[in-house]
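Just so it is clear, the model here is predicted, and its values are computed rather than measured.
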Amino acid sequence: MTSPDEQDFGVIEPADLPTDFEAFFSRHKNEFLRVAGARTRNPHDADEVLMEAALVMYRKWERILAHPNPVALAHRILESTDVDFYRRRARTADREVSYGHLTYADVPTADDLLLLRGHDDLDRALAELDQRAPLQANCVRLRYLAELDFAEIATRLDITPNAAKANVHLGVKNLNRLIGLPDPGKGKS
């Protein structure tokens with residue numbers, strides 16, 4: 001039997017991507033990654049979601065180019081890929097290894113859990129806002145988690161900049177209410 005060093009696994013050459021797709025993806029990759037990271041709250045999952053979305057975008061590149069707003073369609077593909085990622089994860093949850101079979105380094109520590117504690121209320125409120133007013137939730141994510149301005153949000157979601165601004169304002173107001181914070185617009189009486 002040959003050793004792994006001697007085996008020929010073959011070299012996989014990178015695919016020749018259309019230059020316009022490469023330029024588009026390179027220009028928007030960090031933005032897509034921030035959006036995926038805001039939804040998954042895990043950089044490794046966000047990267048996986050982004051790579052799966054990139055594959056779908058590549059397969060549908062001609063359709064994306066023909067769309068009146070290619071960036072908005074790419075964001076929809078990213079959002080759908082994120083949903084598919086979690087659906088696939090839920091289907092395979094029963095086949096995963098329990099913590100008892102993992103090494104000590106793989107088990108999350110109390111510090112890891114305490115670090116995530118601050119996001120719990122916000123995550124629940126964003127999930128509820130996503131159910132009640134998905135456009136507001138998307139606008140808030142793009143504004144504060146992806147750090148886009150109102151014009152960029154409008155482009156991504158195919159709405160006007162004023163609509164983006166209004167949805168961010170209403171989304172933040174609704175998040176404050178869902179989390180249980182006082183309305184910042186009301187003074188003390």
Side-chain angles (χ1 to χ4, degrees), residues 9-93 95-96 119 122-123 125-172 174-175:
F9 293 106
V11 177
I12 299 173
E13 295 296 323
D16 290 327
L17 299 174
T19 54
D20 52 349
F21 175 76
E22 277 189 70
F24 174 84
F25 192 75
S26 296
R27 187 170 45 250
H28 299 287
K29 180 182 178 193
N30 289 336
E31 173 189 328
F32 292 152
L33 191 57
R34 284 193 306 267
V35 170
R39 286 185 167 274
T40 62
R41 294 278 186 204
N42 180 316
H44 303 292
D45 290 349
D47 190 51
E48 191 173 333
V49 166
L50 179 59
M51 290 301 106
E52 288 178 19
L55 184 60
V56 174
M57 289 177 206
Y58 172 70
R59 289 180 180 152
K60 296 183 177 189
W61 183 238
E62 296 300 322
R63 188 179 301 168
I64 291 172
L65 283 178
H67 194 273
N69 190 343
V71 178
L73 183 56
H75 271 278
R76 275 193 237 129
I77 290 171
L78 179 62
E79 187 176 330
S80 298
T81 305
D82 184 50
V83 170
D84 291 344
F85 176 78
Y86 281 111
R87 284 181 181 156
R88 196 170 36 257
R89 195 170 261 182
R91 283 193 303 265
T92 59
R95 292 181 257 162
E96 292 184 2
H119 298 289
L122 177 61
D123 287 340
L126 262 173
E128 190 169 336
L129 186 62
D130 219 1
Q131 293 293 318
R132 294 179 180 192
L135 184 58
Q136 288 177 13
N138 281 335
C139 285
V140 168
R141 278 191 188 97
L142 291 174
R143 177 72 176 144
Y144 295 108
L145 300 175
E147 300 173 356
L148 300 180
D149 61 31
F150 296 117
E152 292 172 320
I153 294 169
T155 302
R156 282 10 172 220
L157 299 178
D158 207 16
I159 57 177
T160 66
N162 286 337
K165 189 174 184 177
N167 278 295
V168 167
H169 172 74
L170 291 172
V172 168
N174 284 328
L175 282 174

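Partners of His169 under the side chain to side chain contact (heavy atoms under 4.5 Å, CB included) rule, at least two apart in sequence or in another chain, do not exist in this structure. Partners of Thr160 according to the side chain to side chain contact (heavy atoms under 4.5 Å, CB included) rule, which considers only residues two or more places apart in sequence or in another chain, are Asn162, Ala163. Qualifying salt bridge (Lys or Arg N to Asp or Glu O under 4.0 Å) partners for Arg132, counting only residues two or more places apart in sequence or in other chains: Glu128. Qualifying side chain to side chain donor-acceptor pair (under 3.5 Å) partners for Asp82, counting only residues two or more places apart in sequence or in other chains: none. For Arg39, the side chain to side chain donor-acceptor pair (under 3.5 Å) partners at least two apart in sequence or on another chain are Asn138. The salt bridge (Lys or Arg N to Asp or Glu O under 4.0 Å) search around Glu48 returns none, not counting sequence neighbours. By the side chain to side chain contact (heavy atoms under 4.5 Å, CB included) test, Arg59 pairs with Leu55, sequence neighbours left out. Residues satisfying the salt bridge (Lys or Arg N to Asp or Glu O under 4.0 Å) criterion with Arg141, sequence neighbours excluded, are Asp130. Qualifying side chain to side chain contact (heavy atoms under 4.5 Å, CB included) partners for Glu152, counting only residues two or more places apart in sequence or in other chains: Leu148, Asp149, Arg156.
Contact check for Pro18 versus Tyr58: side-chain heavy atoms found under the 4.5 Å cut-off. Between Thr81 and Met51, every side-chain heavy-atom pair lies at or beyond the 4.5 Å cut-off. Side-chain atoms of Phe24 and Val71, non-hydrogen and from C-beta on, do get closer than 4.5 Å to each other. For the pair Val35/Leu145, no side-chain contact is recorded, criterion being any heavy-atom separation below 4.5 Å from C-beta on. Side-chain contact between Phe21 and Leu65 is absent, with no heavy atoms from C-beta onward closer than 4.5 Å. Counting heavy atoms from C-beta on, the side chains of His67 and Glu62 never come closer than 4.5 Å. Residues Val172 and Gln136 have side chains not in contact (no heavy-atom distance under 4.5 Å, counting atoms from C-beta outward).
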With salt bridge (Lys or Arg N to Asp or Glu O under 4.0 Å) as the criterion, how do Glu52 and Arg88 come out once you've worked through the C-alpha distance, each side chain's angles and the decisive distance to 0.1 Å? CA-CA 12 Å; Glu52 288 178 19; Arg88 196 170 36 257; 2.4 Å; yes

Residue pair Leu142, Val168: steps toward the side chain to side chain contact (heavy atoms under 4.5 Å, CB included) verdict: CA-CA 9 Å; Leu142 291 174; Val168 167; over 6 Å; no

Before you tell me yes or no, could you show the steps for Ser80 and Val56 under side chain to side chain contact (heavy atoms under 4.5 Å, CB included), namely the whole-Å CA-CA distance, both residues' side-chain angles and the distance that decides it to 0.1 Å? CA-CA 10 Å; Ser80 298; Val56 174; over 6 Å; no

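Contact between Leu157 and Ala72 at its shortest, heavy atoms only, is N-CB, 4.5 Å. Contact between Ile153 and Ala164 at its shortest, heavy atoms only, is CG2-CB, 3.7 Å. Across every non-hydrogen atom of Leu78 and Val49, the tightest pair is CD1-CG1, 4.0 Å.
Atom OH of Tyr144 is separated from atom CZ of Arg34 by 15.5 Å, given to the nearest 0.5 angstrom. Taking CZ of Arg63 as the start and CG of Leu73 as the end, the distance is 8.0 Å to the nearest 0.5 Å. Taking SG of Cys139 as the reference point, atom CG of Leu170 lies at 9.5 Å (rounded to 0.5 Å). Atoms CG and CG, on Asp45 and Leu50 in that order, are 12.5 Å from each other to the nearest 0.5 Å. Atom-to-atom distance recorded for Leu175:CG and Leu126:CG is 5.0 Å, nearest 0.5 angstrom.
Identified under the ring pair (Phe, Tyr, Trp, His ring centres under 6.0 Å) test for residues 32-52, with sequence neighbours left out: His28-Phe32, Phe32-His75.
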